[in-house]
Amino acid sequence: MGLLRRCLTKLVPVIVLGALVASGCSSGTQADNTPEADAYEAMLRWILLHTEDSVASSGNKPRPVFVDNLGPEEIALDVQVELVVRLAGDAELRFVDSRKEAIDVDSEDRPVRDGGVLVGLGVVPDEPPAAVRGEVYLGLDDVLGWRFPLKKTADRWELDNDPEVVDPEGLVETP
Amino acid sequence: MTVTDSPRQPEGSSESAARGKRFQWKMVLGDEGARFLLPTHMLHSTGETLFGLSLVGSLFFNVSLDAARPRILLYLAVTMAPFAVLAPLIGPIVDRVRGGHRAVLLLAHGGRAALALVLATQLKGLLLYPLAFLVLVLAKVYSVSRNALVPVLVKERDHLVLVNSRLARAGTTAGAITAPIGLLILEYGGAESVLRAGAIAYAVGAMWVMRIPAPQPDPDASALVEETELSGPGIRFATEGMAGVRAAIGFVVFHIGFVLKSTGVSAWAFGGLAVANGLGSFVGTFVAPWLRRVVAVQRMLTLSIAVPGVFALIAALRFHLITAVLLAFTLGLGGSVARRAFDEVVQTEAPHARRGRAYARLETGLELAWVTGAIAAVVARAVDWVGLVALGLGMLALAAHRVWRVWLAVRIEGEIVPATLPLRLLVTAEGVAAQGDPHQAALLAATAVDAAVLAGAPRDSTVASIRELALEVAGHPDAESAIEVVRRAHEYVTEHTPA
């Protein structure tokens with residue numbers, strides 16, 4: 001009995017910690033419909049559609065689409081996860097911490113790794129009106145930029161119109 | 001402890017056939033006591049390899065590390081917490097509960113099988129993080145309980161080093177055989193199928209766990225002697241060195257993982273590093289016996305720290321996949337050599353320590369060192385060369401500290417003369433008595449007598465009288481009686497223990 005009691009005493013902190021982890025998990029997985037993910041999904045789908053030749057699948061696997069943030073802050077982990085899952089059939093999203101993760105900086109013409117593209121996404125504001133910057137890097141001399149007008153309906157962001165073409169800024173690489 | 005309920009021989013088999021069978025096991029493993037641990041360990045390594053491969057197709061390679069870092073840190077910290085209770089939990093279960101050792105190993109195997117199946121549905125979900133870290137916790141539970149179980153399963157105490165070495169070799173071989181099969185499954189069935197295959201390996205391993213015989217308590221074993229032996233300076237010195245190696249491995253796993261991902265290498269590069277580490281570990285099982293013939297055991301540990309430290313600095317000077325692979329190889333090699341040296345120190349200096357509890361505490365400390373190294377890497381998130389310079393200098397500093405301590409010991413003592421435990425305890429007891437604590441001295445002196453009996457001294461009426469008096473002193477402190485215990489113990493130990 002003494003041993004059992006002692007073991008149970010030791011188990012209590014483990015159980016408590018387990019419960020804490022479980023609660024942490026549940027809070028992490030409840031991020032199913034973040035408005036930010038809606039906005040980014042709409043932007044990414046538009047960009048992928050309009051750069052289709054560059055992101056065409058090789059064989060039965062979609063080519064990688066590297067994603068970087070154009071704003072000062074990292075795109076939240078739960079938003080990243082949601083986008084990876086939502087676009088799984090169309091693209092293999094890889095969020096990067098640094099440009100050299102996506103661009104082969106040792107190569108003279110600095111191509112995107114693995115034949116993919118690099119997409120830059122601006123910050124989605126909390127409330128409308130919103131015009132979010134989006135850019136695509138296809139190569140050293142091939143960078144495109146747009147400003148995406150977004151509207152919010154029933155807590156979901158969606159594209160309001162076709163985006164306006166702008167000069168790229170965030171993804172421009174100097175040789 | 002002795003192994004008693006070894007599985008029955010098939011009816012009708014002759015004694016010579018049974019002897020032949022035992023002989024074969026001895027040839028394979030070096031000691032037949034741990035024979036059922038061999039397939040269990042090989043299946044565990046198979047599961048580990050498949051689990052590692054499946055991560056190539058997981059969310060880890062899709063999300064940015066900076067975003068994931070707080071979560072990784074949280075779960076690593078949470079991983080540490082169970083270890084604080086692991087040692088006091090696993091030890092008594094292995095020691096006192098009949099079949100407790102099986103329960104712990106079964107938990108590790110069964111739990112990982114279940115987790116692998118759940119993970120197969122969550123490879124692209126946020127649940128990946130807590131599930132992966134639960135898998136990590138269970139891997140550590142397995143590691144602690146297996147390492148605690150081997151010393152109580154081996155029939156010949158001198159076989160501990162050999163059995164651990166062969167288990168390591170068998171595990172690496174199983175992993176190497178599994179890797180190409182896993183790659184084929186990954187290519188044609190996806191990461192989910194790899195995890196399901198891993199779950200099968202763990203489940204079959206769990207079935208083998210049930211065949212491991214139950215160790216029985218040794219009536220002669222004295223907990224006090226065990227504790228004293230395991231807290232001896234040689235073992236503490238070796239544990240510190242081993243902890244340094246484990247911390248370095250934990251640091252490198254996360255630091256190099258982060259650095260490689262940020263440089264955009266493919267997921268297969270991580271596989272290359274794992275292979276290099278496994279190869280180093282495998283080669284280490286051959287290098288260690290050779291090295292042991294050339295240098296002293298503590299020096300083996302120092303070399304196991306210094307060599308990877310040098311390679312960390314080389315990798316810092318020019319970070320490249322090749323230098324990273326070399327570092328992973330030398331760390332695997334160092335870890336393997338250090339393990340053998342550590343086992344030998346324990347085998348030599350704690351010959352009576354045969355309880356899972358004592359080992360579980362040592363092993364838990366080593367696993368905590370691994371997690372601490374991993375947390376340091378995640379918290380620092382240093383630039384490649386900065387982290388590697390810190391690692392290299394840290395390892396070389398630890399190696400230098402060990403060299404200095406040995407040099408100091410030799411300078412003070414003239415030469416290190418290994419004394420038997422009873423004499424060491426007696427000298428300590430007399431020292432404590434001289435410092436004015438006769439009661440503590442009496443308990444130490446009685447322990448010295450116990451140790452002498454375990455070493456073969458006669459269990460006569462003197463022993464009984466010393467024990468009786470020591471117990472009286474423990475219950476009712478009395479300085480005169482305490483000094484009497486020390487005096488009688490001195491006479492007994494010096495008479496029956498060779499200097």
Side-chain angles (χ1 to χ4, degrees), chain A residues 2-4 6-18 20-32 64-69 73-88 92-106 112-114 116, chain B residues 57-72 74-75 77-93 95-97 100 103 122-131 133-134 137 141 187-188 190 258-267 320 381 383:
Chain A
L3 176 67
L4 187 67
R6 273 198 295 279
C7 283
L8 282 175
T9 312
K10 307 286 184 197
L11 268 174
V12 167
V14 179
I15 294 165
V16 172
L17 277 165
L20 279 172
V21 174
S23 62
C25 302
S26 59
S27 66
T29 48
Q30 277 166 0
D32 275 342
V65 175
F66 296 93
V67 184
D68 199 0
N69 54 306
E73 284 187 12
E74 194 82 34
I75 297 170
L77 181 65
D78 49 355
V79 175
Q80 293 188 15
V81 172
E82 216 175 314
L83 289 169
V84 168
V85 174
R86 286 190 194 182
L87 280 93
E92 195 212 327
L93 293 192
R94 292 187 206 167
F95 288 84
V96 297
D97 294 302
S98 66
R99 295 280 156 82
K100 65 177 179 180
E101 205 174 319
I103 299 170
D104 183 0
V105 290
D106 294 330
V112 180
R113 293 183 192 276
D114 303 332
Chain B
S58 78
L59 191 68
F60 282 128
F61 292 92
N62 291 107
V63 298
S64 70
L65 286 174
D66 280 335
R69 202 160 71 104
R71 205 163 286 244
I72 293 173
L74 167 73
Y75 288 118
V78 172
T79 302
M80 267 187 105
F83 288 113
V85 289
L86 263 185
L89 198 67
I90 292 178
I93 290 175
D95 285 339
R96 296 193 206 167
V97 180
Q122 294 294 333
L123 277 168
K124 297 285 185 189
L126 272 179
L127 268 177
L128 173 74
Y129 290 94
L131 289 172
F133 283 99
L134 273 176
V137 169
V141 167
E187 182 64 26
Y188 294 104
F258 277 23
V259 169
L260 281 183
K261 186 175 183 297
S262 67
T263 51
V265 298
S266 85
H320 189 271
R381 181 81 166 90
V383 183

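So you know, we letter chains A, B, ... as the sequences are listed, proteins then strands, and number each from 1. Everything numeric here is computed off the predicted structure, so don't read it as measured data.
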| query | Which atoms of Val85(A) come close to chain B, meaning under 4.5 Å heavy atom to heavy atom: side chain ones, backbone ones, both, or neither? | reply | side chain
| note | With Val63(B) as partner, the option from Leu93(A), Leu83(A), Val81(A) fulfilling side chain to side chain contact (heavy atoms under 4.5 Å, CB included) is Val81(A)
| field | 4.5 Å side-chain heavy-atom contact, Asn62(B) and Glu92(A) | value | yes
| task | Name all residues meeting the side chain to side chain contact (heavy atoms under 4.5 Å, CB included) criterion together with Val259(B); count only those two or more places apart in sequence or in a different chain, and write none if there are none. | result | His255(B), Phe319(B), Asp384(B)
| What are the two closest non-hydrogen atoms of Gln80(A) and Ala67(B), and how far apart are they? | NE2-CB, 3.5 Å
| Side-chain contact, heavy-atom cut-off 4.5 Å: Asp97(A) with Arg69(B)? | no
| message | Let me confirm one number: the CG-CD distance from Leu65(B) to Glu74(A), rounded to the nearest 0.5 Å. | response | 9.0 Å
| note | Okay, Leu59(B) and chain A: the region with an atom under 4.5 Å from a heavy atom over there is side chain
| query | Looking only at heavy atoms, what is the nearest atom pair of Ser262(B) and Ser98(A), with distance? | reply | O-OG, 3.2 Å
